[in-house]
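Structure first, then comments.
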Amino acid sequence: MDKTDKPRVRFAPSPTGQLHIGNVRTALYNWLFARKTGGSFVLRIEDTDVERSEKRFETQLMEDMKWLGLDWDEGPDVGGPYPPYRQSDKMSVYRSYADRLIREQKAYYCFCTAEQLERERQQAMAEGRQPIYSGKCRELDRDEAERRRTDGEAAAIRLKIPEHPIRFHDIVRGNVEFSNEVVSDPIIVRSSGMPVYNYVVVIDDADMKITHVIRGDDHISNTPKQVALYEALGLPVPEFAHLSTILGPDRERLSKRHGATSVANFREMGVLPEALMNYLALLGWAPSGGDREIFPEDDLIREFSLERVTPAPAIFDNDKLNWLNRHYLKQSPPERIHSLAAGFLQRAGLLPETADQSITAWANRLIDLLAPYVDRLEQLPQRASIIFHTDPQAALASEENSQVFANEKAIVVVQGFGPRIANDSPLTAERFKAVTNEIKAETGAKGKDLFHPVRIALIGSHSGPDFDRLIPLIEEGSRLSLPVHVESVRERVQEFLAALEQRK
RNA sequence: GUCCCCGUCGUCUAGCCCGGCCUAGGACAUCGCCCUUUCACGGCGGUAACACGGGUUCAAAUCCCGUCGGGGACGCCA
């Protein structure tokens, strides 16, 4: 098959803000479809909204997509056979198509003012009628319209919607039909001369030979207008696939008040791109059989099909994303996690900006120890507080911990450490274990009764990583010069005993 | 309000198009047990759904109609 026969899809965001997770899924499905079919994935920047579009958002957007691994075959930066890939560079094209539609009487000038239209709309709604444009200017005599325009009266251009129902095919939803009674003659060019989204999107998709329009279902009721435009222009109508909306837990459209919604948010939280992609792929699509969850990129490309996209809206589930992220965190090569995680610890002020080899080696062991405990890398500094921060008072203040020390034996256990480790320098994991066993024999405490008090004394919590790895890490950390001093085991025990004393 | 879309465990979903294999499968979450001289990880197991009402049929999650519920669109925004 020739390349020109292959599907061509596009992702067409407007650079008016951060890349939203819903748009990312749209981009992903487009990309998967293109990669699966050997087609082309086009990136087009929709910046006809001059007021809100900003260059920095465009730059960010492309960076976000690269981070996610969504590469495009054609776009404003790499070019392609159907330039330009930025709408603001294309105004004259839109203008000439509009002129042609006027000439062929498929579109007409509309002199109605915004206020007038708003009034009509309100009235229609109040009367329970379909709030569509009355078509008043449609019947205007051409010569008269021309005269009024030359007299300087502002006029928008409207497309004539045909007098029959408009049908189109949607891969996700099947055949969709709209009665022409419910669709207004859409404005395609504003009275300012600036073309409107619903119009340029069709021109662009047609110009770029887009074969499959895959987008959010908020566009579904725009589609009849666009189909009418394709037909007026005599251009082939593409296939559509409208993806359902992503909702928040309250079943409302996912938005900022639900928390993280942009790619940047997730990256900053320490979510891996492959976890995000895997999760989003599963949100609205499932493989046949539906019993597989882990999908590396290649498998996703192999298995993906638009026919299997579900039409129902989906609620974004952070727990499942976390689960996938934990999975990929564990799967990643340690070096990758080390460097990513180090960034989070640096920003939290726990590691120096530039670390020598001994610090880096230590930090890597710290990360290895703690990473299995987190959903997202951003939780690492918090987790690391067991190493960097000691606060015996606070530890004893907690309900759970004070219960442990309500038992006199718990106090005796910790006291047992004082003299035994006083001269040990450095304290090894082996020595620590030996001491613990001595205390076990002496006090008769074992299991939780033995380990809970010791843990609380050392890290402020009765649960945490294995002592065999924890002790050496604390001891070595205490001898490194770090932005935040790591207290040695001895210091911890002493301070804790002091706090216990004080409590009495 | 009108139009459009959607409706299987709490959540994502498989099954639906082509009725019987569905005693409705998987995953996340949750609960329990095991592992662990703590916890987490891991392993094993449990709870949990065809929105409702009518049809059609020997047989309906699957087909038809209605109701209810949710979302979206109705713009000289994208």
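All chains are named by letter (A, B, ...) in the order of the sequence lines, taking the proteins before the strands, and each is independently numbered beginning at 1.
Each of B:C76, B:U37, B:A14 was ranked by its minimum atom distance to the side chain of A:Ala286; first place goes to B:A14. Side-chain proximity of A:Pro131 to B:U11, B:C76, B:C74: nearest is B:C74. Side chain of A:Asp317, nearest nucleotide from B:G72, B:C39, B:C28: B:C28. Set against B:A78, B:G26, B:U11, the side chain of A:Glu293 has B:G26 as its closest nucleotide. Counting only heavy atoms from C-beta on, A:Ala156 has its side chain closest to B:C76 among B:C4, B:G70, B:C76. When the nucleotides B:C3, B:G71, B:G26 are ranked by their closest atom to the side chain of A:Leu247, B:G71 comes out on top.
The phosphate of B:A78 has OP1 or OP2 within less than 4.0 Å of a side-chain N or O from A:Arg190. OP1 or OP2 of B:G71 has not a single side-chain nitrogen or oxygen of A:Thr245 nearer than 4.0 Å. Residue A:Arg469 has no polar side-chain atom (N or O) positioned under 4.0 Å from OP1 or OP2 of B:C41. Remark: A:Arg121 is in phosphate contact with B:G75, judged by side-chain N or O atoms under 4.0 Å from OP1 or OP2.
Within 4.0 Å (heavy atoms only), A:Gly284 reaches sugar-phosphate atoms of the nucleic acid but no base atom. Using a 4.0 Å heavy-atom cutoff across all strands shown, A:Arg308 reaches sugar-phosphate atoms only and no base atom. Nucleic acid contact for A:Phe316: none, since no nucleic acid atom lies under 4.0 Å from a heavy atom of the residue. When heavy atoms are screened at a 4.0 angstrom cut-off, A:Leu283 is found touching the sugar-phosphate backbone but no base atom. Among the atoms of the strands shown, none is found under 4.0 Å from any heavy atom of A:Ser288. If you check every strand for non-hydrogen atoms under 4.0 Å, A:Pro186 touches nothing. Among the atoms of the strands shown, only primed sugar atoms or phosphate atoms (P, OP1, OP2) are found under 4.0 Å from some heavy atom of A:Pro313. Residue A:Lys330 is classed as a sugar-phosphate contact, given heavy-atom separations below 4.0 Å to backbone atoms only. Among the atoms of the strands shown, only primed sugar atoms or phosphate atoms (P, OP1, OP2) are found under 4.0 Å from some heavy atom of A:Ala312. Among the atoms of the strands shown, none is found under 4.0 Å from any heavy atom of A:Asn322. Residue A:Glu127 is out of contact with every strand shown, counting any heavy-atom pair closer than 4.0 Å. Note on A:His452: only backbone sugar-phosphate atoms sit closer than 4.0 angstrom, heavy atoms only; bases stay farther off. At the heavy-atom level, A:Glu46 lies under 4.0 Å from the strands shown only through sugar-phosphate atoms. As judged by a 4.0 angstrom heavy-atom cut-off over every strand, A:Arg173 is placed among residues touching the sugar-phosphate backbone only.
If you measure from atom CZ of A:Phe168 to atom P of B:C5, you get 8 Å, rounded to the nearest angstrom. A:Glu181 has its CD atom 23 Å from the P atom of B:A73, to the nearest Å. Separating the CD1 atom of A:Ile386 from the P atom of B:C39 is a distance of 15 Å, rounded to the nearest angstrom. Following rounding to the nearest Å, A:Phe467 (CZ) and B:A40 (P) show an atom-to-atom distance of 15 Å. Rounded to whole Å, the distance from CD on A:Gln116 to P on B:G75 is 15 Å. Here B:A27 presents its C1' atom at 13 Å from CZ of A:Arg292, a figure rounded to the nearest Å. Rounded to a whole Å, the CG atom of A:Leu324 is 9 Å from the C1' atom of B:A27. The nearest whole Å value for the distance from the CD1 atom in A:Ile166 to the P atom in B:C4 is 13 Å.
Annotation: cation-pi geometry satisfied between A:Arg25 and A:Tyr29 (NZ/CZ under 6.0 angstrom from ring centroid, within 45° of ring axis).
For the pair A:Arg455 (side chain) and A:Pro465 (backbone), a donor-acceptor distance under 3.5 Å is present. The backbone N or O of A:Tyr133 lies less than 3.5 Å from a partner atom in the side chain of A:Ser184, making a donor-acceptor pair.
A:Lys225 contributes atom NZ, which lies 10.0 Å from atom CZ of A:Phe178 (distance to the nearest 0.5 angstrom).
Residues A:Phe304 and A:Phe33 place their aromatic rings such that the two centres sit no closer than 6.0 Å.
For B:C12, its base never sits under 3.5 Å from the side chain of A:Tyr279 at any donor and acceptor pair. For A:Ser191 against B:C76, a side-chain-to-base donor-acceptor contact under 3.5 Å is present.
Applying the Watson-Crick and G-U wobble criteria (two distances, each under 3.5 Å), B:G32 pairs with B:C44. Nucleotide B:C77 has no partner under the Watson-Crick or G-U criteria, as no pair reaches both atom distances under 3.5 Å.
For the pair A:Val183 and A:Ile132, the minimum side-chain heavy-atom distance is 4.5 Å or more. No side-chain heavy atom of A:Ser262 sits under 4.5 Å from any side-chain heavy atom of A:Leu19. Between A:Ser92 and A:Tyr94 the shortest side-chain heavy-atom distance does not fall below 4.5 Å.
Comparing A:Glu252 and A:Lys225 against RNA chain B, the residue whose closest nucleotide sits nearer the 5' end is A:Glu252. Between A:Ser184 and A:His462, the one whose closest nucleotide on RNA chain B sits nearer the 5' end is A:His462.
Residue A:His219 and nucleotide B:G72 are not classified as a stacked aromatic pair, given the requirement of ring centres less than 5.5 Å apart at an interplanar angle below 30°.
B:C41 and B:C34 have their C1' atoms separated by 14 Å, with the value rounded to a whole Å.
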